[in-house]
Amino acid sequence: MAKAARRFVRGAAPFTLLTVLLAGCGGASDAEKSSGKEATGGKATVGGAGSPCALPVSFELVKDWEADATDAATAAPNPQGTVSLVCEIGGNAAGTAGLLRVWEGGTEKDPQRALKAFIDGFVLRQQSADYTEVRAGGFKGAAEVVYTEKDSAGKAVAAKYRAFAVGTGKGVVIVHLWGSADAEAGLLTAYELAKKTVRPSE
């Protein structure tokens with residue numbers, strides 16, 4: 001995907017992602033690599049060896065969801081400069097509009113503080129934000145936020161949005177559901193799977 005196609009506009013509606021087929025782990029056949037499935041278990045993951053997104057964490061993907069790396073050196077950072085966009089995961093091929101976006105970096109080590117700085121900087125018209133400490137996959141002390149926004153006229157929007165953050169030895173990783181889980185049930189399925197299976201990359 002061209003760099004320009006990956007840039008985001010703050011406050012914009014979710015867009016359609018031009019997807020790149022997810023490569024499998026080392027040792028997988030060409031067919032397995034093309035489908036994004038590992039040679040063992042048949043489950044697609046992102047973040048580990050052979051993934052298009054090199055991350056300090058990895059997690060499972062819903063079938064037919066596909067990942068595409070972004071260049072942290074050139075991608076627009078979070079407005080507060082806490083983290084940079086490094087990976088986009090889309091459900092287009094599965095018939096789901098929306099994305100999981102992965103952000104990482106920054107100097108803040110505490111997941112909840114990093115997540116709050118991210119949301120405060122990213123969400124233009126924040127209405128409410130509920131932060132909780134959660135267990136995310138292999139990480140204790142992870143943080144999650146469920147938030148709502150106002151529309152351009154200042155009216156509250158019922159749709160809920162969410163993100164979770166985990167701390168690693170290389171800073172914080174944030175997985176942000178880019179789209180309304182209320183409107184697209186498949187988005188919530190993908191998000192919850194990522195939160196349940198996230199673990200340090202090997």
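Being a predicted model, the structure only gives us computed values, none of them experimental.
- With sequence neighbours left out, Ala165 forms a side chain to side chain contact (heavy atoms under 4.5 Å, CB included) with Pro111, Leu115, Val172, Ile174.
- Within a 6.0 Å radius of NZ in Lys196, other residues, nucleotides and ligands contribute 12 heavy atoms or fewer.
- Val146 and Leu188 fall into different hydrophobic clusters, where Ile, Leu, Val, Met, Phe, Trp and Tyr side chains are chained together by heavy-atom contacts under 4.5 Å.
- No side-chain heavy atom of Ile89 sits less than 4.5 Å from a side-chain heavy atom of Arg101.
- In this structure Ser201 satisfies the side chain to side chain contact (heavy atoms under 4.5 Å, CB included) test together with Ser58, sequence neighbours excluded.
- For the pair Phe59 and Val166, the minimum side-chain heavy-atom distance is 4.5 Å or more.
- Counting only distance, with no hydrogens or angles, the side chain of Thr168 and the backbone of Gly171 share a donor-acceptor pair below 3.5 Å.
- In this structure, Trp65 and Leu100 have side chains that are in contact, with non-hydrogen atoms separated by less than 4.5 Å.
- In this structure, the side chains of Pro56 and Glu104 come closer than 4.5 Å at one or more pairs of heavy atoms.
- Between the OH atom of Tyr191 and the CZ atom of Phe164 there is a distance of 6.0 Å, given to the nearest 0.5 Å.
- For Glu108, the side chain to side chain contact (heavy atoms under 4.5 Å, CB included) partners are Asp110, Arg113, Ala114, not counting sequence neighbours.
- Residues passing the salt bridge (Lys or Arg N to Asp or Glu O under 4.0 Å) test with Lys195, sequence neighbours excluded: Glu144, Glu192.
- In this structure, the separation between OG1 on Thr70 and CG on Asp68 is 8.0 Å, given to the nearest 0.5 Å.
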Under 3.5 Å, which donor-acceptor pairs do the side chains of residues 130-141 form with other protein atoms, sequence neighbours left out?
| from | atom 1 | to | atom 2 | distance (Å) |
| --- | --- | --- | --- | --- |
| Arg135 | NE | Gly137 | O | 3.4 |

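- Using a 4.5 Å cut-off on side-chain heavy atoms (C-beta onward), Leu55 and Val173 make no contact.
- For Phe118, the ring-ring contact (aromatic ring centres under 6.0 Å, His included) partners at least two apart in sequence or on another chain are Trp103, Phe122, His176.
- The line from CG of Leu61 to OG of Ser51 is 8.0 Å long, rounded to the nearest 0.5 Å.
- The shortest distance between side-chain heavy atoms of Ile119 and Tyr147 falls below 4.5 Å.
- Lys116 is not listed as a side-chain neighbour of Val145, based on a closest heavy-atom distance of 4.5 Å or more.
- Rounding to the nearest 0.5 Å gives a distance of 7.5 Å between OG1 of Thr45 and CD of Glu60.
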